[in-house]
Structures are given as C-alpha cells and as structure tokens.
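Presented below is the structure to which this report refers.
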Amino acid sequence: MKKLSLFIFASAFLFHATVGFAQEKEKEQYIDAARKILIETNNTAILFAPDQDNRLQQIYYGSKEKTPSDLQHLGEAYTSGGSDFYYTPALRVVHSDGNTSTLLKLEKSESKKVDDNLTVTKIYLKDDYYPFYVTLVFKAYQKENVIAQSVLITNKEDKMVTVYNFASSSLSFKKDKYYLTQFHGEWADEMNMVEEELRPGIKIIDSKLGVRAHEMRNPSFLLAIGAPAKEDSGEVIGATFAWSGSFSFSFEIDEKGRLYALSGMNPFAAQRLVAPGESFELPEMLTIYSNNGTGSMSRDFQMWGRKYGMRGGFQEHTILLNNWEATFFDFDEQKLISLFKGAKELGFELFLLDDGWFGTKYPRNNDHTSLGDWDVNPKKLPNGIKALTDAADNIGIDFGIWVEPEMTNPKSELYEKHPDWVIAQKHRPLHFRRNQLNLDLSNPEVAEFSFQVVDKILTQNPDIKFIKWDANRFVTNGGSFYLKPEFQSHLIYDYHQALYKLMQKVVDRHPNVRMMLCSGGGGRVDYKSLSYFTEYWPSDNTDPLKRVYIQWGYSQFFPAIATAGHVTHWGARPIKFCFDVAMSVRMGMDRDLAKLSKEELEFSKNAIIEYKRIRPIVQFGTQYRLVSPYENPHSATMYVNDNKSKAVVFLYQVKDVDFGEKTIALKGLDSGKKYSVREINRWPDATGNTTMNIGTFSGKQLMEGALNSSLNKQLTSSVFELTAE
Ligand code: GLA
C-alpha cells in the first residue's frame, strides 16, 4: 500500500466508521484520520489515530496491500484499567493519591529514520489529569518486517505511583477466527508446538519462573487469523519477547469478537513502584505480520536475528566437540587432552570443556556442590586451565569452557561466606532445584561478583575462545535479602537489568570470545539474552529424533547459525541420523571419540568434511521448511544460498510407514536454473541410504516435485546437495 492510498483508506474509514459502528458508543465513532500515525515496514502497516476525545485508537494492523474495507476500529491502542475499559488492560496504575484509574490522551508523535532499514516512532501519551506519561515506542525494520514494540512509563507526580499491569505490546484484531500456537515444554522437551482455536474469554500463556522459561514454554507465539497457521499461505503474526524473565501473553475475545492480545512481563507479584521523576522501561516484543504463512515470517525473523538479535550472525560458526555427555564430571587433564587430540584429527575446530573443572574445598564431582567457587580443581587439572589452552594451541584447536555465574550450591565456600546473596524468602525453608540456588543479582555487589567470575576466567586465560554460560534453575521463593520490603516485587525486573548489564560488560571486555547461551538446555532462548551471545543450546535432549521437532519449533523464530545441534549417544540412534539432524544447524558432537567404532569414526570424519563444505549454505542461507514432522511421518527442510546457486536438502523419516514414494517439492530455487542433485553423507552400506532420485533438474521441476523419497523406516535420513550448473 502506498502512502497516498493509505491516506485515502483512512479517510474512507472516517466515513465508514461513522456509519458502520452506529451501535458503538458515541465517542468511538469518530476517528481523526488527518492525525493518523503510520508504522510500516515493506509488508506491514499499523495505523493509529485519535478519536474525538484525543484517545489513541488502533485502526489497522496487517498487510499494506489490503482493501479499505479491512480498516477497522480495533479499539484503544494502549488500554488502561480503572476507568471505562472493562477487559484486561495493558496498563493499570495506582496514582500517588490512590486513584486507581488512568486515562491516556495523545500528546504528539514523532518518527525518526535511524538508517535505511530502521525507523523509530514514538507516540507520547499523557494522563488526562495526572503528570503521568506513557510513550509507545515502535521500531520498524523495513526489510525484515519486524516491528519491535516497547513502552516507557514516566512518573512526574509528586509521590510514588505503583504500576500493576504493564504490557509491552497491545494489539487488537477484529476477524472471525483466531488460532494460537504456543511453544510449551519442560527440561529436555522444549518447543512443542500446540495450536488451538481461541474462544470467547481469556487465554493466558505465561511463565512465572523468574529467570528462565522452559519448564513452561518459550516466550513466543504464533497467531493465525481466519484459519490455522500454514507454511506458505494465510495471515499469521509471529511474536517473540526479548526478555528472559517471567512473561505473560493474554488473548481476550470480547462479545463483538474483537481480540485483545497483550504481551509483556508477567505482572504476577511484580508491581513496580515508580518514584517521582523516574521511568520504567518495558522490554521489547518483536512481531512480524505475514500474509504468506509462517515460512516467510520465519525467514524474516531468522534474517533479523542474524543482523540484530545475536552476535556473529555473518561469521561461520565453528564445529565443536563438547565433553559433557562423553565424560560428565569424570575427567582429568590427560583425558581432556586425549579428547581434543582426537577432536582435531576428526576435523573439529573447537573443544568445549563442560561442567566439573572447579572447586578446591568442595570439588565439583557431581551437581551437589561448588557453584560459586570458580578456582580450578587441582586434582583434576594440576596445571590449571593454561595447560589445556596451551595443549589446544599446540594441537591447533580452539578451547572453550563452561560457567554458571548466577548460581551457588549451599555446599560451597561462596554460600558459607554469603548466605544472604541468594534468592530466598525470609522465614521459609530453602527450596532447591538441581541442588542449587540463584544468586540475587538485584544486589549490585552480587552482580559484580558474577561479572568477576566470568571476567577473571577470561582475563587470566586469554586463550579461551568460547564460553558456555549456563543457568540451571529457575526462581522459587522469590525474595531478596537486599531489596527493601516495599521493593520485593522488583526482584525479577532488577535481576534482569543487572544480568543484561553484566552480559554487556563481558562482551565489551572480551569482544572476540564466542558465547553459547544455555539454561539447562533451552531455558533462556530469547532475543534479549541472545543479543549478547553467538549461539544457544536448544535442549539437553540431544536425541536426534526429538531434535527434528525441537529444531522445527525454534526455526520459527531463530536462525540455524545460532542453533547448536550435537551428535551424541542419547537414544542410541544410528550415527548417520544423528549427523544428518545436527548438520542442518550449527553442528557439533558430544561423544567420547575413543568409544566410536572404526566405521563410525570414518563416517564422522567424512561428515565433518561434508559439513564444512555445506556450512555457508546452512549458516548463511535462507531456510525453507518443506515437510512438517508434526503432520507427516517424515520431515524435510532446506537452505538456499543468496544467489540460488547452491542448496542443501535434509530429509528425515520420523515414523515407520509402509507406503512408497512421496514427492518432496523444493522451494526457493531459481526456476530457470538447472541444478545437479547429489546425495551426500552416505552411509557406506548403500542399503542405509534413500532411493530418492538424483540427477539434473531445472529449479522449476524441483519446485514442482521432481524429487521423490522412498524412505520408510524411522530413523533413516538423507542429505542432498544441489549445485546450479
Ligand atoms: C546443563 C546444560 C548441559 C550441561 C550441564 C552441566 O544441564 O544444559 O549441557 O552443561 O548443565 O552441568
């Protein structure tokens, strides 16, 4: 939709609204289209305008290409509680004199083009009576169609106000049917996609876990309009919250079928007291509207993520060998050096030393002790980390190390010294998860300690090239010994402000260290934390059969280059299947190489060579999801490079079937080009391979389904490399 036509549409709406909504309240009938505020990207437009009382209304959200009849009066842009709005509001405040209502009016708006791709629009609202201000901030990323919404709440009253509800994003819709997909799960079972039709009433998906989310769900959703979400057609909104703490997304349908979608931090026990002159800044909700289904939405998110939501999105990511599932806590210097010698021989580029290397008074030999005591265990590593980085250097492999700087065990020197540094409620028994406690980062002294943990390891060992930053429990008993009684509800917000500051400090001090974001698996996969990291660990569940689904789920929002996939022994699956699944993301391995058979070693070595060749296509290419494992006994996904000269297709059989060939229609190719198709990563015994036909086809033929697969046994898989002639 061009700017001019938007103006005409909005003017048409003025007429339409006056007539068409005659039964609504008088003041909702008039929209001052001349004062419209337009937020737009290449595909999407959100339109706001004030009504005759100067209250800001949302009048459009969707494709730029829609017709005038799609303009609707969708409701107040940022609803507030206690006055005339009687559903769950975006904002609820108790003002300094006890008034429980807020009535926001439009003051002004301004837009600034930050660069060719990013425009920031700020809409300034003020309470009709109180000097209480709300600024709606929209960052519109043109090419990737991401609109990031956040809110700044400012108190200029003469006393403290208390904010009880505080959505970062408030969007309304008026359509026939809505379908919500959430990404729920728990430890080792992340990102299960479940879609349901929304019904009148309120549906909330949330987490109250404080510092991570995955024992409940990832802070993301899909909202399909009119019909369930499809890969390549239909209206869908993808949304992911750039925030690692408790969150709440609520979807409320009113009597007129209007849907209010509110997203933000979880207001549960989290009211914020805002002092005179202070502001309260809410995290960003990232949304993409698509009228071509989830596929194009995901491609936009993945590109946005590489550009803005992670570090190193345009640098090749290294192939790593991790010792966790290979040794758990049971290793010493010799064992490790032997592991990374083998790693180098096989073609790995990085060795990651996991948990268990620290603790002197209480050596970390299991998960009951030592978190907080970050001195090297002299029994396991008598010559310190330096001996390992030196050996790695000699062998010619990078070295990385695991840390968990936000935690302590009660059996640790740290806890003995500072029992008041943990998150706990007074007068209540301590509540453990994985035998550990969260450190209270809202206390600046504790946050500085956590920073020092990471900084010291990296400063004393300048040859460490990579860290895995873990956080293995969520918050229960959410009390702070540091915060004053009246500010206890600030804990989770203050914790995260401190956490992000300390992550930023680590990045500033050690800009070349690559970092993996981990939280007992995918407990903290969101675009705020990820912006400090180069990759994330999706799940402790490394069974490749499960990973097909987990990777499918994350790929809705996050790029393959950021997604770590390791070949392990979990599920005792055929090693070819393990590699084929890991190769579709950032590949690594977590196995004791000495325990691999000769055949497996040979296969692994070859797979690493193959991965190095296809790595730029997987890590920098555009992903097209072809066949969903949720709806089929098989699954397929592919990546195409920028000039469409190369592509790689991954095909997995997730269930046994007894029928024969199925067509796999490829996507994203150049229909005029001719591609030679060849199967790679073949198991030496040909019976283990697919019989999918190979040869030379035009892009058009391939996209029309020239390729067939006759895989029918669960845990079989194949990988195809396409090269334009
Ligand atoms: C968490 C991580 C694992 C591993 C262990 C170590 O569970 O997700 O990958 O690092 O901690 O204790």
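Residue numbers count from 1 along this sequence. Counting starts at 1 for both ligands and their atoms, following the listed order.
Arg514 forms no cation-pi arrangement with Trp469, by the criterion of a distance under 6.0 Å to the ring centre and an angle within 45° of the ring axis.
Taking the six-membered ring where the residue is Trp, the centroids of Phe329 and Trp324 are separated by under 6.0 Å. For Phe241 and Phe247, the ring centers are positioned 6.0 Å apart or more.
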Cut-off 3.5 Å, no hydrogens considered: what does the side-chain donor-acceptor table look like for residues 303-315, sequence neighbours left out?
from   : atom 1 : to     : atom 2 : distance (Å)
Arg306 : NE     : Gly313 : O      : 2.8
Arg306 : NH1    : Phe620 : O      : 3.1
Arg306 : NH2    : Gly313 : O      : 3.3
Lys307 : NZ     : Glu144 : OE2    : 2.5
Tyr308 : OH     : Asn117 : ND2    : 2.9
Arg311 : NH1    : Tyr532 : O      : 2.8
Arg311 : NH2    : Pro511 : O      : 3.1
Arg311 : NH2    : Val513 : O      : 2.9

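Looking at every heavy atom in both residues, Val618 comes nearest to Tyr611 through CG1-OH, 4.5 Å.
Note that the CZ atom of Phe183 and the CD1 atom of Ile205 stand 9.0 Å from one another [nearest 0.5 Å].
Each of Trp324, Asp354, Asp355, Trp402, Arg434, Lys468, Asp470, Asn472, Cys518, Gly520, Gly521, Trp537, Asp540 has a non-hydrogen atom positioned under 4.0 Å from some atom of ligand 1.
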